[in-house]
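Below: one structure, written as structure tokens.
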Amino acid sequence: MPKTTRRDFVVSAAVASAAFGLDGWLSLPAPAAARHKHDARHKRQARHTQQAQHPKTPDPPLGYVRYTVGEAEVTALYDGIWEKAHDPAYFSNASIEETKQALAAGGFTTDFVTIPITVFVVKLKGKIILCDAGGGDQVQAFNPQSVFVSGKMIRHLKEAGIDPMGIETVLVSHFHPDHIFGLLGKNTDAPVFPMAEIIVPAAEYKFWTDPSVIGRLPEGRRALAQRIQAVVSMWKNVLPVGGEDEVVSGIRFVSAPGHTPGHTAFHLSSGNEQLMFSNDTVYVPALCAAHPGWHGVFDQDAALAEASRRKLIDRVIADRMLICGTHFPWSGLGTIAKDGAGYAVAVRTA
């Protein structure tokens, strides 16, 4: 096999997006060239969705928050929000009533599940690293009672004084659409960060770039798998990394599978301070941190996701780390501690 440089890797990972358990709630676009083939059912669903895109949750007054972890500067960027309608299938072992009780205990509305979307940028040792990329205004809720708004990350990136073309590295935790569609042009599929190296978990890369995955997916998800494989094979800037290597100076991958086959957290260490980017290991803390044994429909392997969640949280507590998450309450940064049979997250307010 000829020697391959980091820039020679094909990007299949970055565009991989549709995931098991998502198609009942989210509408995920096919490759741009194939979108005219959508059937009448999809168009009716899209019309219902477009009419619903008016979230009740206000945007934060400022769309970015900056803080330091040792010598690292971290900027949280607000990308949008998912106001998810209640559904009995959300958790296999918790009812809607139990879900509402947990939301109320966390201080949230019980009208819907509030799922913010936060993206993080790290500046460390002269490097600018983007941690996931948000939804790129390309994810819609199929359920007309739900609202999904994303794609605000780029605007807030600029407001924070960060040039998108200055992003040198993008770390991808997994291929759900609210984490990677911000890498793709909405109507063109063009790369948003064409000069950045995109580092992805090898297990995710392997799963989503397997040609046979299209035939193994339910019909409603196949267009997304086709987009993954049609678009990403043209990119040259993706590096799949296995294990728990230091992927950039100061940041290591931390394996946390279950949510997806290769779901990965990011561990930042600088000086005497540490921050764990939990990504979707701990999504919606009022639910799955307070009740780590609840098995969500978005976890491809719910039992494995629970084991990964408990292991990661216990490590954060034992090592006295800060923790942040894509779907934590804004601004996504806080601490976590044992609380009875579960855990409690204390989020820093902006």
Side-chain angles (χ1 to χ4, degrees), residues 13-32 35 45-46 49-50 52-55 57 59-60 63-64 75-85 112-121 130-143 146-159 164 167 170-193 196 198 200 204 208 221 223-225 227-228 231-232 259-260 263 277 279-280 283-284 298 324-332:
V15 192
S17 54
F20 293 106
L22 290 180
D23 57 308
W25 286 269
L26 303 182
S27 169
L28 309 174
R35 288 174 192 157
Q45 290 167 331
T49 299
Q50 291 165 3
Q53 300 304 301
H54 301 288
T57 307
D59 285 358
Y64 67 92
T75 304
L77 305 165
Y78 186 79
D79 188 60
I81 196 159
W82 184 12
E83 294 176 343
K84 181 192 169 301
F112 46 78
V113 182
T114 304
I115 307 177
I117 307 166
T118 302
V119 175
F120 301 92
V121 170
L130 178 68
C131 300
D132 284 337
D137 191 25
Q138 298 174 64
V139 187
Q140 295 179 333
F142 262 134
N143 186 326
S146 295
V147 174
F148 199 114
V149 175
S150 68
K152 302 184 179 186
M153 178 265 293
I154 291 291
R155 172 163 58 89
H156 294 146
L157 191 70
K158 294 176 180 178
E159 290 174 354
I167 300 293
V170 180
L171 304 183
V172 173
S173 65
H174 66 297
F175 299 154
H176 281 179
D178 53 327
H179 293 255
I180 57 90
F181 271 15
L183 297 173
L184 290 163
K186 181 177 179 179
N187 297 314
T188 65
D189 289 337
V192 174
F193 304 100
I198 301 172
V200 304
E204 284 285 283
W208 287 105
R221 303 176 191 133
L224 266 294
R227 185 186 190 193
I228 291 164
V231 177
V232 300
H259 186 63
T260 63
H263 179 272
F277 296 81
N279 303 322
D280 276 8
Y283 57 90
V284 191
F298 302 120
C324 64
T326 304
H327 305 303
F328 282 25
W330 177 252
S331 61

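Just so you know, residue 1 is the first one in the sequence shown, and it goes up from there. In this text the structure is predicted, and so the values were computed from the model without any measurement.
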[X] versus [Y]: any side-chain heavy-atom pair under 4.5 Å?
| X | Y | answer |
| --- | --- | --- |
| Phe112 | Thr57 | yes |
| Asn279 | Thr326 | yes |
| His54 | Val147 | no |
| Leu130 | Phe193 | yes |

Can you tell me if [X] uses its side chain to pair, donor with acceptor, with the backbone of [Y] under 3.5 Å?
| X | Y | result |
| --- | --- | --- |
| Glu204 | Val172 | no |
| His263 | His174 | no |
| Asp79 | Lys152 | yes |
| His327 | Ile117 | no |

Rounded to the nearest 0.5 Å, what separation is found between the [atom1] atom of [X] and the [atom2] atom of [Y]?
| X | Y | atom1 | atom2 | value |
| --- | --- | --- | --- | --- |
| Asp132 | Phe175 | CG | CZ | 10.0 Å |
| Glu159 | Thr75 | CD | OG1 | 12.5 Å |
| Lys84 | Thr114 | NZ | OG1 | 11.5 Å |
| Leu157 | Ile167 | CG | CD1 | 5.0 Å |
| Phe328 | Ile115 | CZ | CD1 | 13.5 Å |
| Glu83 | Asn143 | CD | CG | 12.5 Å |

For [X] versus [Y], what's the shortest heavy-atom pair and its separation?
| X | Y | answer |
| --- | --- | --- |
| Ala141 | Phe148 | N-CB, 3.9 Å |
| Thr118 | Gly325 | CB-O, 4.5 Å |
| Ala76 | Ser331 | CB-O, 3.5 Å |
| Val149 | Pro55 | CG2-CD, 3.8 Å |
| Cys131 | Phe277 | SG-CE2, 4.3 Å |

With sequence neighbours left out, the residues meeting side-chain hydrogen bond (donor to acceptor under 3.5 Å, both in side chains) with Ser150 are none
Ring-ring centroid check Phe298 His176, cutoff 6.0 Å = no
For the residue pair Tyr78 and Trp330, categorise the inter-ring angle as parallel (less than 30°), tilted (30 to 60°) or perpendicular (more than 60°).
-> perpendicular
